[in-house]
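To start, the structure itself, in structure tokens.
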Amino acid sequence: MDKNDLIVRFAGEGGQGVVTSAEGLAQAATQTGYHAQTFATFPSQILGGPTWTQTRISINPVLSSGDELDVLVCFNEQAYSNHSGSLADQGVIVYNSAEFELSGHDDAIGIDFDALAKSTGNTRAANMVVIGALAELVTMKQDILDEFVTKKFTRGRPNDEEIIKSNIKAMNLGRNEVKDRGISIGQLKPPQKPDYDQVLMNGNVAICLGAMHAGVDFYAGYPISPATSILVWMEKNLPAPNKFVHQVSSEIEAITALVGAGFAGKKAMTATAGPGFSLMSEGLGLAWMAEIPLVVVDVQRGGPATGLPTKTEQSDLISTMFPAHGDIRLPVIAPGSVEECFHAAVTAVNWAERYQGPVILLSEMALSERNQNMPKPDLSKVPVENRIVNQNTNEYQRYDQLDVSPMPIPGGPGSYVANGSEHDGIGDTTHLAERHVQMTHRRWNKIKVLEDGDFEVDSIDSPIALVPWGGTKGPTREAYNKLIESGADIAWLYTMFLNPLPPQMIENLRQKELVLVPELNYQGQFSMILRSLGVNAISITQYTGLPFTVKDLIGRVNQQIESYKQGHLKI
Amino acid sequence: MDKNDLIVRFAGEGGQGVVTSAEGLAQAATQTGYHAQTFATFPSQILGGPTWTQTRISINPVLSSGDELDVLVCFNEQAYSNHSGSLADQGVIVYNSAEFELSGHDDAIGIDFDALAKSTGNTRAANMVVIGALAELVTMKQDILDEFVTKKFTRGRPNDEEIIKSNIKAMNLGRNEVKDRGISIGQLKPPQKPDYDQVLMNGNVAICLGAMHAGVDFYAGYPISPATSILVWMEKNLPAPNKFVHQVSSEIEAITALVGAGFAGKKAMTATAGPGFSLMSEGLGLAWMAEIPLVVVDVQRGGPATGLPTKTEQSDLISTMFPAHGDIRLPVIAPGSVEECFHAAVTAVNWAERYQGPVILLSEMALSERNQNMPKPDLSKVPVENRIVNQNTNEYQRYDQLDVSPMPIPGGPGSYVANGSEHDGIGDTTHLAERHVQMTHRRWNKIKVLEDGDFEVDSIDSPIALVPWGGTKGPTREAYNKLIESGADIAWLYTMFLNPLPPQMIENLRQKELVLVPELNYQGQFSMILRSLGVNAISITQYTGLPFTVKDLIGRVNQQIESYKQGHLKI
Amino acid sequence: MSVNNPEYDFKWCPGCGDFGVRRALESAIQKRHAATGIAVANNVVVAGIGCSGNMVHLLEGDQPFGIHGVHGRTLPIAMGVKMANPELNVVVVAGDGDFLSIGFEHIGPQAGRNLNVCAVVMDNGVYGLTKGQSSPTSETGMITSSTPYGKIEEKTNPLSLYLTLGVSYVASAMSSKVKSLANTIVEAMEHPGFSIVHVQSPCTTYNDTYELLKGSVKKGIEPLAWPIPEGHDSADIKAATELLNRGGIPLGVLYKDTTRPDFQSRIDAVTKISDSKSTEELLASFAI
Amino acid sequence: MSVNNPEYDFKWCPGCGDFGVRRALESAIQKRHAATGIAVANNVVVAGIGCSGNMVHLLEGDQPFGIHGVHGRTLPIAMGVKMANPELNVVVVAGDGDFLSIGFEHIGPQAGRNLNVCAVVMDNGVYGLTKGQSSPTSETGMITSSTPYGKIEEKTNPLSLYLTLGVSYVASAMSSKVKSLANTIVEAMEHPGFSIVHVQSPCTTYNDTYELLKGSVKKGIEPLAWPIPEGHDSADIKAATELLNRGGIPLGVLYKDTTRPDFQSRIDAVTKISDSKSTEELLASFAI
Ligand SMILES: Cc1ncc(C[n+]2csc(CCOP(=O)(O)OP(=O)(O)O)c2C)c(N)n1
Ligand SMILES: Cc1ncc(C[n+]2csc(CCOP(=O)(O)OP(=O)(O)O)c2C)c(N)n1
Ligand code: SF4
Ligand code: SF4
Ligand SMILES: [Mg+2]
Ligand SMILES: [Mg+2]
């Protein structure tokens, strides 16, 4: 049986090599021409604790981490009891026989990962034993894996060759164990090697790289899961002359420092999660009112309050779009894949510069730790924008126009007061009714320059549309593809630009009889916003702390369409 | 010409007696059986600065402060130039002739307020001179005013009689000045003295009294306009054994102290305005998640950010209903009159106790400083609720049920951890999918016990409805009455319970072809929420920092209905 | 409560200093119960967010009440609890990040009020729960995941800060000396005002300072921690300050002032002189 | 900018101490301009919310840049400005409520970094703009609108706090002594690190302390304020602390430490040793 993809879950204790094996498989697969995606969960304790990571590799772009497992790799017994239920009917178990014995199971292959690695003279090659076994299970050719190992370990050190050899040996030892058992789960179709360069990274790194490319030169942040890795990455990689990065003492310090930096000419960014975001409320209102460019990344986790720090959710949409008191509605970009994380970060910085105000990059736990392959961006083709800077004399009225106007930078001409109270042209506080009206119009006009976001469309003529957002894009697209294959008549619309939404997309959506919005929250936050825009939207919600499975989505979409057709669905 | 009401604006510098005169007129009128309402604005400087207050008295309940002035009382020349444009065609000016001279104006009466007061031997009676003049202008009988003065100054002090006499004399001196000029603006119809007791107070005081009646016994706050007077009032009047009131060091300290107090069994409250509210974001999320009863009063002012501290606006609706990250939607009560401020405060506390969570009382600047007469509430008939307290043993699972469940109080049985992370029955942190689902359902189920709010309905069968909220109720009702008089076919629906909305009211609204929502903000925040609930709502917005005038409202309602009928109105 | 709770899945790392603090706190609560007969349910543990704050779920035996709030806000939450019911014994448990970074603003006001709660601060010089970033008490120059080139700010000196802010009871302790820590916590809980027990509670995973604190004869490391001499007059703030100037980590009670009224007494003084009118009377004053 | 701006409608009350501070700040900015030739537009005034913060709109003459943010956040905003462009001269203007109550948490971190900005704090012992509530520097027992029965907390001592928090330049001044205040501000602006000029700036409307501060021979009132003696060694933190122990309000430069690197130098030190890879190189490290 020929297979398009292979879904493997690695499960065990934190520290047993769960993550390195899963990422190793993804790397090997990508390098050999497959597409790959990993999905990671975390134990809540610091050392040890049950954890698992899933890798899916495919000859096609990977849209979700996959519902049912082809292979479950168990690093300990608890992993078996927790996860064997997720195995597909034909699924196979590979387990660490040094940890436990699995009897009475035909399709279970016990391997002593560490002992085999040790026998190659390279104790760190245990993950290669596992990868070799997996390769054999789907009859993957060894030569492409040899190539992967050779490339990976050619690092210009004297012992490169030795290490390469031991790793290849480890793989073959793993293969042999499977061969000996004569178990196979079919042949994974050979990949098509792409003719472009590829990178493999997670969503948080993609955000960092996008931000750096866009010119972020001021970063202040406070640790919080799952955004901490952005702070850590920036601390390591941003320092350079005229660039500033610093761990500050709270999220309030972070956001207000960004206001100062954005005012003084920097491209300023911070990253946080829900609890930190809530503390930035007042500062974001100030940035909107005083018209200061800056970017806040919210990597969503389970909420409310301290919530579920290690679980994924999409429940910060309303509070990031409307983060503070008064009339305010911030630009929000929510990427749907690792590749989109990169582009969302570039655009977030560009938008902030373009409209001179705060922009939200709304990511989520599931993206932040997901490794995914993508074409290596050609940076020279990803445009970077800079704010219009005032060159006028001192008489300049910074706030007077009804549209985006050149921004004076301290030290340069056009001194004014950047003011969080209502103000006149030079930023002096005022209470005049006409000024409040004028400035309100100015603030809302300015966002119109951001109405150039693009969106995806398929089967545009269908009266029913499927419209996911953020990380729910992938599983929804996979479900959509299957629904279309099975003859369903459904349109697809998707954008990462949640505010302002592309105007043409709103127009399209308004014409639909029914818009189904899968999203990971209780209230159905995006469909609420769509309904407020005059769209007949209704949500398909889930709030388990986990992403949707494709199977569930297909079932629920069919069910909603059915009840709509029977007139039972009330919007 | 017989008049139903009299609209007087007092304008001058802070400190000249503008406010005392306006409030004196309202008091006098109420005591004589008229209805009264004042509307105050404030200078942004501390001492002096241009200011004005408007008093409207009427034989009917006063719904708005009135569009056009019958009388403009000018305490200085600037007042004349700023406000004479608001005078009705037949309007009259009374001015302080000690300050300036107004020539070439037929209907202007110059009086030296202070000199006349001084001549009575009572320098503090200047406002009585003014009131006397006003009474004469509308041929109000002196005997009812004598009664007012006598009652007001009978304070059991030796010189009561003397003071009463001088005040009455001052009134008559004011009257004489008008008589001498032979100017009148018609006869104000005599009032119907109500057969119940009345009180006259402003919205902030009404909130304080309602809160005290409901049993608030813990208050922590930080000064901010226009909520400061609530803190000041509480500091003065709440202290008593087992009651706590304190000015704390920030809004963050206030909200988190409330969480501790609510947890420990108190009825806890704070009051703030937008900027302070934004700082309470994280604490409110905690209260929602840990299920802690408490009340936050937001007295709205112009926003965003520091905004317009002395102007009125209704732009905090979305941010108070959805104040923090995660799935959260707080109960919100927005009173529409001073009387409703009292009842809203009682209900806010009752609701917090009933569903065990945070409740928002959303008031606004225009209500906070508005003096308005109302029937004196019979406290014995205003029910007060207390949370269900756990009496179970230590094994009690505080969070396990899918509904409101008895709350353990520290010191009593049922120790648990009130937890802002997702938790199990006893409040220990957990990450299990099923628990998150269960607890999410619990939190959202709980609000259903608040679905008992009442609402007003008129002409329910009309396909078009007028639905204001908060302080916009008054002017909208006045406009509605006039529209109905002129034969319009419009329904009226109103509630102060914005979340949860009374379910029957949503049902009614869903059946309307068009729902018009006058509100003082740019985005049309309440109509956004109504549309998200499936109502064909559209807003009539204003964002000048001032309340609607009735005239404007009538014009805009007619205009919207017209364009709707012509098919131009896109929702 | 965690021992029998399969749903609770957090565990401290082997050797974490917080284990010792837990034993000390359990013992202090038991001692108080034994001495006064007051029920354990009369204790409220107000926890910060951090490995340290997870204490509130890890206490064994008879359970006090707990509140596990948001990062940095233990003190105002504790104020709410205590002023709601002055009969309760309120104990704060928090980490150096929670208490001294994001929560720093709350120490001064409580000192000025002399709020009668006891704060047990677990100082490990690092952010444990978020996996090893620098904290206010990390050493300058320390390499952490968020300071890959070394921490650049000066280190906070919490003990001298507490003194200047007017905290009326200040003790310094080691998590490994469980018995003495338990006694200190009992004394701090009994202190009629704001007390802080600042505990060196090493993070074995991200900042293992056991050896530095205790010293090692073998490696020739002088111990950083040293006991406060018997003769120290803890009523004398100058003497306390001078102890701090000696460097290292003095262990013991630095300062104790029982002359200042606690917050509740201050509130009671107001209650005594205030007009206490009923709602009915107040309402009547607006009658027309 | 307000003089010719009819839209701006705030005015200080007659006699308000902030008038003097304004003249001193205008003069300090002019002096700096005269001495260095650096344009006035190179100054940024970061203002708090309060009567005091309104300073940023009331400065006359050549205009610096200004940022009027939210209540209590002057210091982190100033950090953003300064670290964005170290060439700028950044001055904070804030009141005692803004700086020491809601904004208190921000002093310590900036002291630890030695951020090179100058904070001019206008202390009137009251919340002026919100019309007379108590502030951290109000006297205990003081009757205000929010403390009708007297303030019950202890009063904050800002000067000793600044010293303990490690602020590297601490001066105390009087708003009525404009010339000397101007000179102090110039010196503080030149100081290579975090400087605070704490000014007694009485609120004539809600807390008129002129007489208390200056004393009155007629009424037999000893002045609270007294000049720091010539011989005081401002490099000596102990001497500074002892001055404070004398009570009253010492006027002059209490403490000045020029040995500690400022924040920018600390950042520069990291920049020197850090891997500075281009985005392209970093991206390439993820190539497969
Ligand atoms: C507002 C907010 N910001 C950040 C976090 C993430 N966070 C959780 S614990 C922690 C720091 C823990 O350090 P510490 O207080 O020293 O406790 P420890 O884990 O070291 O005991 C942080 C930053 C959070 N939960 N909330
Ligand atoms: C978050 C927030 N809380 C409260 C306020 C209201 N407020 C404005 S100024 C002020 C205090 C002013 O006191 P201070 O800082 O001493 O300045 P002063 O007016 O005395 O110069 C307050 C509480 C606000 N603007 N923002
Ligand atoms: S990370 Fe450190 S503080 Fe946290 S449990 Fe482990 S050893 Fe303790
Ligand atoms: S209220 Fe006080 S601080 Fe404010 S302007 Fe008037 S005198 Fe100055
Ligand atoms: Mg720590
Ligand atoms: Mg002040």
Side-chain angles (χ1 to χ4, degrees), chain B residues 13-15 41-51 78 82 219-240 244-254 271-280 299 301 303-311, chain D residues 2 6-16 18 47-51 53-54 57-58 67-73 96-106 124 126-136 138 142-153 156 203-206:
Chain B
E13 279 271 306
T41 62
F42 294 93
S44 60
Q45 70 201 61
I46 310 293
L47 295 182
T51 182
Q78 204 193 345
N82 286 347
Y219 188 96
Y222 190 73
I224 187 166
S225 311
T228 307
S229 60
I230 296 181
L231 168 66
V232 166
W233 203 91
M234 287 292 190
E235 287 277 9
K236 177 98 181 91
N237 296 302
L238 192 60
F244 177 83
V245 53
H246 193 56
Q247 177 188 335
V248 292
S249 68
S250 73
E251 289 86 355
I252 291 184
E253 214 185 21
T272 187
F277 190 87
S278 282
L279 284 171
M280 294 185 181
V299 188
R301 62 192 215 182
T306 305
L308 298 110
T310 59
K311 296 286 165 185
Chain D
S2 71
E7 283 196 46
Y8 185 68
D9 53 2
F10 179 83
K11 277 184 195 135
W12 284 315
C13 311
C16 175
D18 297 349
I49 309 290
C51 295
N54 283 342
H57 304 290
L58 290 162
I67 178 159
H68 202 173
V70 285
H71 192 38
R73 312 301 166 194
D96 47 322
D98 193 281
F99 203 75
L100 295 167
S101 182
I102 192 169
F104 178 64
E105 67 201 87
H106 302 299
N124 54 13
V126 79
Y127 285 16
L129 192 60
T130 47
K131 308 205 167 176
Q133 295 77 38
S134 83
S135 95
S138 302
M142 181 170 155
I143 307 268
T144 71
S145 74
S146 64
T147 55
Y149 309 107
K151 165 172 161 170
I152 58 178
E153 308 99 296
T156 293
C203 170
T204 41
T205 300
Y206 298 111

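Lettering follows sequence order; numbering is per chain, from 1.
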Which atoms of [X] are under 4.5 Å from chain B, going by heavy atoms: the side chain, the backbone, both sets, or neither?
X      : value
D:L100 : neither
D:H68  : neither
D:T205 : side chain
D:T144 : neither
D:C51  : side chain
D:F104 : neither
D:K131 : side chain

Does [X] use its side chain to pair, donor to acceptor, with the backbone of [Y] at less than 3.5 Å?
X      : Y      : answer
D:D9   : B:S44  : no
D:D96  : D:V126 : yes
D:D98  : D:H71  : no
B:R301 : B:S225 : yes

- Examine the side chains of D:S101 and D:Y127 and answer whether a donor and an acceptor come within less than 3.5 Å of each other.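 A pair is found: one side chain offers a donor N or O, the other an acceptor, under 3.5 Å apart.
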- Query: Among side-chain atoms of D:Q133 and D:S146, is any donor-acceptor pair under 3.5 angstrom?
  - Reply: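 The answer is no; no qualifying pair exists.
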- Which answer fits B:P43, side chain, backbone, both or neither, if we ask what part of it has an atom under 4.5 Å from a heavy atom of chain D?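 Contact with chain D: none, neither part.
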- Can you say whether B:I46 sits under 4.5 Å from chain D via the side chain, the backbone, both, or neither, judging by heavy atoms?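 For B:I46, backbone and side chain are both near chain D.
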- Message: For the interface with chain B, which of D:S134, D:G132, D:G69 has the highest count of heavy-atom pairs at distances below 4.5 Å?
- Response: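 The option with the most such pairs is D:S134.
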- Query: Using the ring of each side chain (for Trp, its six-membered ring), is D:W12 parallel, tilted or perpendicular to D:F10, with breaks at 30° and 60°?
  - Reply: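 Perpendicular, since the angle between the ring planes exceeds 60°.
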- Task: Would you confirm whether the ring centroid of B:Y222 sits within less than 6.0 angstrom of the ring centroid of B:H246?
- Result: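 No, they do not, as the ring centres are separated by 6.0 Å or more.
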- Query: Out of B:S229, B:S250, B:S249, which one racks up the most heavy-atom pairs below 4.5 Å with chain D?
  - Reply: B:S249
